[in-house]
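Residue numbers start from 1 in every chain, and the chains themselves are labelled A, B, ... in the order their sequence lines are given, proteins ahead of strands.
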2 protein chains.
Amino acid sequence: MARVGLTTERLTQAGAELADEVGFEQVTVSALARRFDVKVASLYSHLKSSQDLKSNIALLALEELADRGAAALAGRAGKDALVAFANVYRDYAREHPGRYAAAQLRLSPEAAAVSAGGRHAQMTRAILRGYDLTEPDQTHAVRLLGSVFHGYVSLEMRGGFSHSAPDSQESWSRVLDATDALLRSWPAP
Amino acid sequence: MARVGLTTERLTQAGAELADEVGFEQVTVSALARRFDVKVASLYSHLKSSQDLKSNIALLALEELADRGAAALAGRAGKDALVAFANVYRDYAREHPGRYAAAQLRLSPEAAAVSAGGRHAQMTRAILRGYDLTEPDQTHAVRLLGSVFHGYVSLEMRGGFSHSAPDSQESWSRVLDATDALLRSWPAP
DNA sequence: AGAATTTGCCTAAAGGTCTTAGGGAGATGC
DNA sequence: GCATCTCCCTAAGACCTTTAGGCAAATTCT
């Protein structure tokens, strides 16, 4: 029989594309097999389970996101870095909604350990170097930034801001302005 | 055959309990039928589809959340209102993780129209009456608050803040302090 | 090159979920 | 008491997941 050349990597990549096309929830081993014109059981040589596939897609998305974040942060500082980094998240979610959804998957501890999650936290901390925060406020601020970025993007993708004025782009800019202002005058406890 | 007395309401309620016990993803028409000791097909007199069940659970969660929010806001203003409202979200998510996850479901336009989504937005606006913001900054601030609340709770539930100091409760307090400070000195465009 | 081995995709099969169609027994109304 | 309606049932088709075992292509060894 004709060999297609399946590998875990190709399956993960194709799964990510599938997620962007039909939604992460709809990513299924069967659908992936159809895409490669191969029988379903054949995928199980490269995949432990359906959950494993989803987890791999999540790890891929986290890596891609971290790579883009690193590129955006290079040579920038302060508000410039903040805005660039925030836009990485938002743009990625818009370009790759399925992958972004995948990145929200709750990972197993083992998967989380090898994920790019640590890089994300490091980069967020790097942004804060442009502001004058000392520990433990820096950690609080890291968590706030994560919340604002993820929260805004998540609500926007769900359509929360879509059918009312002012448009979401405008709010996004103002939210980032406000966040920058907050970091510059972080309140004492 | 013994009649169990199924109704859409009872199914939705039981589905919400099931979600809290096993996770919203695991809520299934089959599992619900087992819980009522009834055959699966029997549920389809009260449910249009599996998606319909999930949507109903989401609507229930949004209502409960709005009810709690309204109760928390009664008689409070300013930072007091902000903190109380924020804690409603966080506490609800901790008490009812499955329901909270359900509330994140992307609803159909029809479902969204009858949802408590509007009440949530109204209440967030009400909080901002304690601060000195004029349109369109008020709308931007509504979106920021939604992002911070949802983003923080969502990341916390995913375990993002669990295994590092300082503990999440501490960060939550400081994030709310910071948000209050930001609303009091909202930057001009 | 030919043989031995490994690898990759296959068939087969069992179990779970969703959904629709149509039937029979309990509850309700006259 | 009888007719009607409602509720839950059986039956069945479609799809997804996962495991077991087989055959042929690719790779390695002699």
Side-chain angles (χ1 to χ4, degrees), chain A residues 1-60 98-99 101-102 105-108 110-111, chain B residues 1-60 98-99 101-102 105-108 110-111:
Chain A
M1 300 299 150
R3 298 201 172 188
V4 186
L6 301 178
T7 64
T8 303
E9 286 67 32
R10 285 190 65 197
L11 290 175
T12 304
Q13 189 67 41
E17 288 163 18
L18 186 59
D20 287 335
E21 290 167 23
V22 303
F24 185 59
E25 303 283 302
Q26 276 65 53
V27 170
T28 190
V29 180
S30 297
L32 204 51
R34 278 193 291 275
R35 172 160 295 218
F36 281 97
D37 201 26
V38 142
K39 297 299 171 183
V40 187
S42 306
L43 302 199
Y44 280 81
S45 314
H46 310 279
L47 252 41
K48 277 202 284 291
S49 66
S50 176
Q51 188 53 41
D52 184 47
L53 168 64
K54 290 186 181 156
S55 177
N56 285 341
I57 297 173
L59 292 176
L60 171 68
R99 284 157 148 99
L105 187 69
R106 186 169 189 139
L107 294 171
S108 68
E110 311 84 69
Chain B
M1 301 296 154
R3 297 202 172 187
V4 186
L6 301 178
T7 64
T8 305
E9 286 68 31
R10 286 190 66 197
L11 290 175
T12 304
Q13 189 68 39
E17 289 163 17
L18 186 59
D20 287 336
E21 290 167 23
V22 304
F24 185 59
E25 301 285 300
Q26 275 64 52
V27 171
T28 189
V29 181
S30 298
L32 205 50
R34 278 193 290 276
R35 170 160 296 218
F36 281 97
D37 201 27
V38 141
K39 297 298 172 184
V40 186
S42 306
L43 301 199
Y44 280 82
S45 314
H46 310 278
L47 253 41
K48 277 202 285 290
S49 67
S50 176
Q51 187 54 40
D52 183 46
L53 169 63
K54 290 186 180 155
S55 177
N56 285 341
I57 297 173
L59 292 176
L60 171 68
R99 283 158 150 100
L105 187 68
R106 185 167 189 140
L107 294 171
S108 67
E110 311 85 67

Task: Validation row: L105(A), I57(A) side chains within 4.5 angstrom (heavy atoms) - done: no

List the atom pairs, donor and acceptor, that lie under 3.5 Å between side-chain atoms in residues 24-31 of chain B and the rest of the protein, sequence neighbours left out.
none

Open item on the list: By the side chain to side chain donor-acceptor pair (under 3.5 Å) test, which pairs, at least two apart or in different chains, include something from residues 6-16 of chain B?
Closed with: none

TODO: May I have all residue pairs that pass salt bridge (charged side-chain N to carboxylate O under 4.0 Å, His left out) and include part of residues 40-59 of chain B, sequence neighbours excluded?
DONE: none

Open item on the list: So, taking the atom named CG in L43(A) and the one named OG in S45(A), what distance separates them when rounded to the nearest 0.5 Å?
Closed with: 8.0 Å

- [ ] Kindly state which residues belonging to residues 12-35 of chain B come within less than 4.0 angstrom of DNA chain C, counting heavy atoms of the residue only, listed by number.
- [x] T28(B), V29(B), S30(B), R34(B)

TODO: Check salt bridge (charged side-chain N to carboxylate O under 4.0 Å, His left out) between E21(B) and all other residues, then give those that pass, not counting sequence neighbours.
DONE: R35(B)

Task: Residue-level proximity of residues 37-52 of chain B to DNA chain D when a heavy atom falls under 4.0 Å - done: V38(B), K39(B), A41(B), S42(B), S45(B), H46(B)

TODO: Measure the spacing between CG of N56(B) and CG of L11(B) and express it to the nearest 0.5 Å.
DONE: 9.0 Å

Open item on the list: Do D37(B) and V4(B) have side chains that approach each other closer than 4.5 Å (heavy atoms only, starting at C-beta)?
Closed with: no

Task: Value in whole Å for how far the P atom of dC8(D) lies from CG of L6(B) - done: 4 Å

- [ ] Give the rounded distance in Å between these two atoms: CG of L53(B) and C1' of dT19(C).
- [x] 14 Å

